[in-house]
Trainee: 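One structure follows; several queries about it will come next.
Just so it is clear, the structure is predicted and the values come from calculations on it, not from any experiment. Quick note: numbers below take in every heavy atom, side chains included, and nothing from hydrogens, waters or symmetry partners.
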Amino acid sequence: MALFRTTASPQTHTPWCGQDHRCGLGEHRSDEIVVDISGRARAVLTRIRAASGREHAEVRVRVALASHEMVARGQLVGLLGDVREAITRAAAAAQLRAEGRR
């Protein structure tokens, strides 16, 4: 599956589109990319083109938490910080590209 940008219209399937039941109401969705660490964590990434033409990444993450409440809370705080950092990095890169600096 290609992860490159294309100039196709929102109504046209893209090269990365799954072109099946996942496409509906003008939205196009790629096949899922899955990272699975057996028994510990799983992440699923899907590329989406909305009916408006705007593209998004949908990321679902499932991480096993410790049985001890305070340790689990620490894991959640760390995970949230990591997710925030990843989103901030992606948004900054998109802004640089939009400004033609990258």
Side-chain angles (χ1 to χ4, degrees):
M1 166 185 39
L3 293 177
F4 55 89
R5 187 166 296 281
T6 178
T7 58
S9 74
Q11 294 78 27
T12 305
H13 289 290
T14 66
W16 49 261
C17 179
Q19 300 184 20
D20 58 15
H21 68 279
R22 291 170 288 204
C23 296
L25 303 175
E27 180 178 272
H28 296 277
R29 300 174 73 84
S30 70
D31 291 331
E32 294 178 339
I33 298 172
V34 178
V35 176
D36 193 10
I37 303 171
S38 185
R40 300 207 181 269
R42 179 180 177 92
V44 181
L45 179 128
T46 305
R47 184 173 176 173
I48 301 167
R49 175 175 288 163
S52 67
R54 178 72 185 215
E55 293 190 15
H56 304 273
E58 178 181 280
V59 182
R60 295 186 319 267
V61 179
R62 182 176 61 207
V63 178
L65 296 176
S67 58
H68 187 274
E69 181 62 20
M70 292 309 291
V71 176
R73 286 183 185 197
Q75 287 176 279
L76 292 169
V77 168
L79 181 60
L80 184 58
D82 292 344
V83 169
R84 181 183 177 126
E85 183 179 327
I87 291 170
T88 300
R89 248 189 350 260
Q95 183 65 34
L96 288 175
R97 278 189 223 100
E99 295 172 358
R101 291 197 247 167
R102 201 166 166 207

Trainee: What is the distance from atom CZ of Arg47 to atom CG of Asp31, rounded to the nearest 0.5 Å?
Mentor: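 The CG atom of Asp31 is 12.5 Å from CZ of Arg47, to the nearest 0.5 Å.
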Trainee: With sequence neighbours left out, write down each residue that passes side chain to side chain contact (heavy atoms under 4.5 Å, CB included) with Arg62, or none if nothing qualifies.
Mentor: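 Scan of Arg62 (side chain to side chain contact (heavy atoms under 4.5 Å, CB included), adjacent residues dropped) gives Arg42.
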Trainee: Hey, quick one: are Val44 and Val63 part of the same hydrophobic cluster, counting side-chain heavy atoms closer than 4.5 Å, chains of contacts allowed?
Mentor: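 Shared cluster, no.
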Trainee: Would Val61 end up clustered with Val83 when hydrophobic side chains under 4.5 Å apart are linked, directly or stepwise?
Mentor: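 Same cluster.
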Trainee: Applying a strict under-4.5 Å side-chain criterion to I, L, V, M, F, W and Y, I'd like to know whether Ile48 and Val34 cluster together.
Mentor: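 No; Val34 is not reachable from Ile48 via cluster members.
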Trainee: Sequence neighbours excluded, which residues qualify as side chain to side chain contact (heavy atoms under 4.5 Å, CB included) partners of Arg84?
Mentor: Thr88
Trainee: Would you check, one step at a time, whether the test side-chain contact (heavy atoms from CB on, under 4.5 Å) holds for Arg54 with His56?
Mentor: CA-CA 7 Å; Arg54 178 72 185 215; His56 304 273; 3.3 Å; yes
Trainee: For Arg40, what residues pass the side-chain hydrogen bond (donor to acceptor under 3.5 Å, both in side chains) criterion, not counting sequence neighbours?
Mentor: none
Trainee: Under the side chain to side chain contact (heavy atoms under 4.5 Å, CB included) test, which residues partner Leu65, sequence neighbours left out?
Mentor: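 Applying side chain to side chain contact (heavy atoms under 4.5 Å, CB included) to Leu65 gives Ala72, Gln75, Leu76.
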Trainee: Other than Ile37, which residues form its hydrophobic cluster under the rule that side-chain heavy atoms must be closer than 4.5 Å?
Mentor: none
Trainee: Rest of the hydrophobic cluster containing Val71 (Ile/Leu/Val/Met/Phe/Trp/Tyr, side-chain heavy atoms under 4.5 Å)?
Mentor: none
